[in-house]
Amino acid sequence: MMLLVLHYSAIRWGEDSGVLWEAPVLDDLHALVEFAQAGSIVGAADRLYRTPSAVTRQLQRLEAALGAELLDRSVKPPRLNSLGSKVLEQARDLLQRTEALKSLASSDAEPHGLLRIGLAHPLAEGTLIDPILALTEKYPKVRLRLLSALTGELFNRLLAGELDVAAVLLPEGKTAPPPLLTNIIATDRMEIVQGAAGNVGGDWKSLGRAPWVLNPPGCPLRASLIDRMERDGFTPMIAAEIHNMHLQLAFVQSGYGVGLLPARFIVRNHSIDTVKVLRPPSFALHPSVAIVRVGQLGALGKAVEQLEHWFRQLFEAADATKPVTRSRRREPANRRKARPRK
């Protein structure tokens, strides 16, 4: 009840100063949340675009308002104590509710403020730069913060109020857990690939003996692949666990191992001549590209809708549902000249 009492007192006029207390109190609570997220005063100052001394004063002012210490200063850097962790939980809830009220009141306004976007690792590639830059040009009052993480972590951050929206890959026919809202915008296609000089067969027995380059545990695509292999009695031999698709592709091209990569990524990187696509029996992995959020975002909702539109166009242009086929290899120039003209 401590923060509830503080919240109500914050909307009264101060008897001595005649100043409305609401903004400073909410601002101090925001500083506490950012301190907890960053893990240090310096980190919180960087996230808030303020000086470390200003953030320190905010935390001290909040402690004075509550009449209790929230930080354990016996360690370096300081960290939240037990009471501070409890206050943090209520502060996040209070700030989320306050922002929801503000957003609701300004739903017809031009998008403005901070938009926190999460990207699942399989979607975090260079082609997404264009929609992101276009969004900032269309809505100059919107400031973006991007985070790439595992899908499960993105869901947790959405539920905790640390993200506003996330672009993720979901198994075909699946949606994000409630109360998260899911909007499917495209369908992807995953391909099993090896280097162009590789000699791994396209059957599960051969793939079970091959070294694999995959995402770390927690990736639903990796889980689907392993589940399919285990149904035939095989388990992949993991040679590398890497989140970065460009590095995964480089390992596959070098012959280090077999990989699982999106078809649209292979096509966009002009890599079909440097890899072989393997299609074992009864393997079809067509995840859905989805935009996930908690609920209404007020004025920022317009920005998210525009981002969804551009993302949809991007994936439709990739035509990821079509099978990846190898184009004819280029012949050396001297051989092309030697061929008779028809």
Side-chain angles (χ1 to χ4, degrees), residues 119-125 148-155 166-177 184 186-196 198-269 271-272 274-290 292 315 318 320-326:
L119 296 173
H121 287 305
L123 298 177
E125 57 169 304
S148 177
L150 291 170
T151 298
E153 182 181 349
L154 294 178
F155 289 165
V168 302
L169 279 182
L170 296 173
E172 191 173 8
K174 299 292 185 180
T175 61
I184 305 297
T187 300
D188 215 349
R189 178 190 177 93
M190 304 302 296
E191 297 281 11
I192 297 175
V193 292
Q194 65 175 325
N199 57 4
V200 177
D203 58 278
W204 291 119
K205 183 177 181 180
S206 299
L207 291 170
R209 294 195 298 260
W212 282 82
V213 180
L214 295 173
N215 288 336
C219 170
L221 303 176
R222 166 186 167 134
S224 296
L225 171 70
I226 293 177
D227 178 68
R228 178 62 189 83
M229 292 186 69
E230 289 181 344
R231 276 186 276 145
D232 271 26
F234 304 103
T235 301
M237 181 176 64
I238 310 299
E241 295 179 328
I242 305 168
H243 277 313
N244 187 285
M245 289 189 294
H246 292 275
L247 188 55
Q248 288 182 7
L249 177 60
F251 270 104
V252 170
Q253 291 170 327
S254 72
Y256 185 81
V258 178
L260 181 69
L261 291 169
R264 41 117 182 142
F265 176 75
I266 299 171
V267 173
R268 285 173 180 163
N269 282 272
S271 303
I272 192 57
T274 63
V275 298
K276 291 179 182 177
V277 177
L278 302 174
R279 296 202 175 94
S282 304
F283 179 75
L285 191 54
H286 298 162
S288 300
V289 182
V292 179
F315 286 104
T321 55
K322 291 184 178 180
V324 174
T325 56
R326 183 189 302 275

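Under the 4.5 Å side-chain criterion, counting only non-hydrogen atoms from C-beta, Glu241 is in contact with Pro217. Between Leu214 and Cys219 the shortest side-chain heavy-atom distance does not fall below 4.5 Å. Here the side chains of Leu169 and Thr151 are not in contact, with every heavy-atom distance at 4.5 Å or above. Contact of the Leu285 side chain with the Ile192 side chain is not registered, since no non-hydrogen atoms from C-beta on lie closer than 4.5 Å. With a 4.5 Å cut-off on side-chain heavy atoms, Asp188 and Arg264 count as touching. Side-chain contact between Glu230 and Thr235 is present, with heavy atoms from C-beta onward closer than 4.5 Å. Proximity of Pro280 to Arg228: side-chain heavy atoms (C-beta onward) are nowhere separated by under 4.5 Å. Side-chain atoms of Trp204 and Pro281, non-hydrogen and from C-beta on, do get closer than 4.5 Å to each other.
Note on ring orientation: taking the six-membered ring where Trp is involved, the planes of His243 and His121 are parallel (angle under 30°, cut-offs 30° and 60°).
Scanning for salt bridge (charged side-chain N to carboxylate O under 4.0 Å, His left out) contacts around Asp203 gives an empty result, with sequence neighbours left out. For Glu172, there are no salt bridge (charged side-chain N to carboxylate O under 4.0 Å, His left out) partners at least two apart in sequence or on another chain.
Within the 3.5 Å criterion, the main-chain N or O of Gly202 finds no donor-acceptor partner in the side chain of Ser206.
Nearest heavy-atom pair across Leu154 and Ala120 is CD1-N, 3.4 Å. What you find for Leu278 and Gly201 is that their closest heavy atoms are CD1-O, 4.2 Å. The shortest non-hydrogen separation linking Val292 to Ala176 is CG1-CB, 3.7 Å. The shortest non-hydrogen separation linking Val252 to Val193 is CG1-O, 3.8 Å. Scanning both residues, Glu191 and Ile266, for their nearest heavy atoms gives CB-CD1, 4.2 Å. Residue Tyr256 comes nearest to Pro211 through the heavy atom pair O-CG, 3.5 Å, listed as atom of the first residue, atom of the second, then distance.
For Asn199, the CG atom is loosely surrounded, since the number of other residues' heavy atoms within 6.0 Å does not exceed 12.
Residues in residues 208-217 take part in these side chain to side chain donor-acceptor pair (under 3.5 Å) pairs, two or more places apart or across chains: Asn215-Gln248.
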Problem - Leu249 vs Val275, side-chain contact (heavy atoms from CB on, under 4.5 Å): CA-CA, chis, key distance, verdict - result: CA-CA 9 Å; Leu249 177 60; Val275 298; 4.0 Å; yes
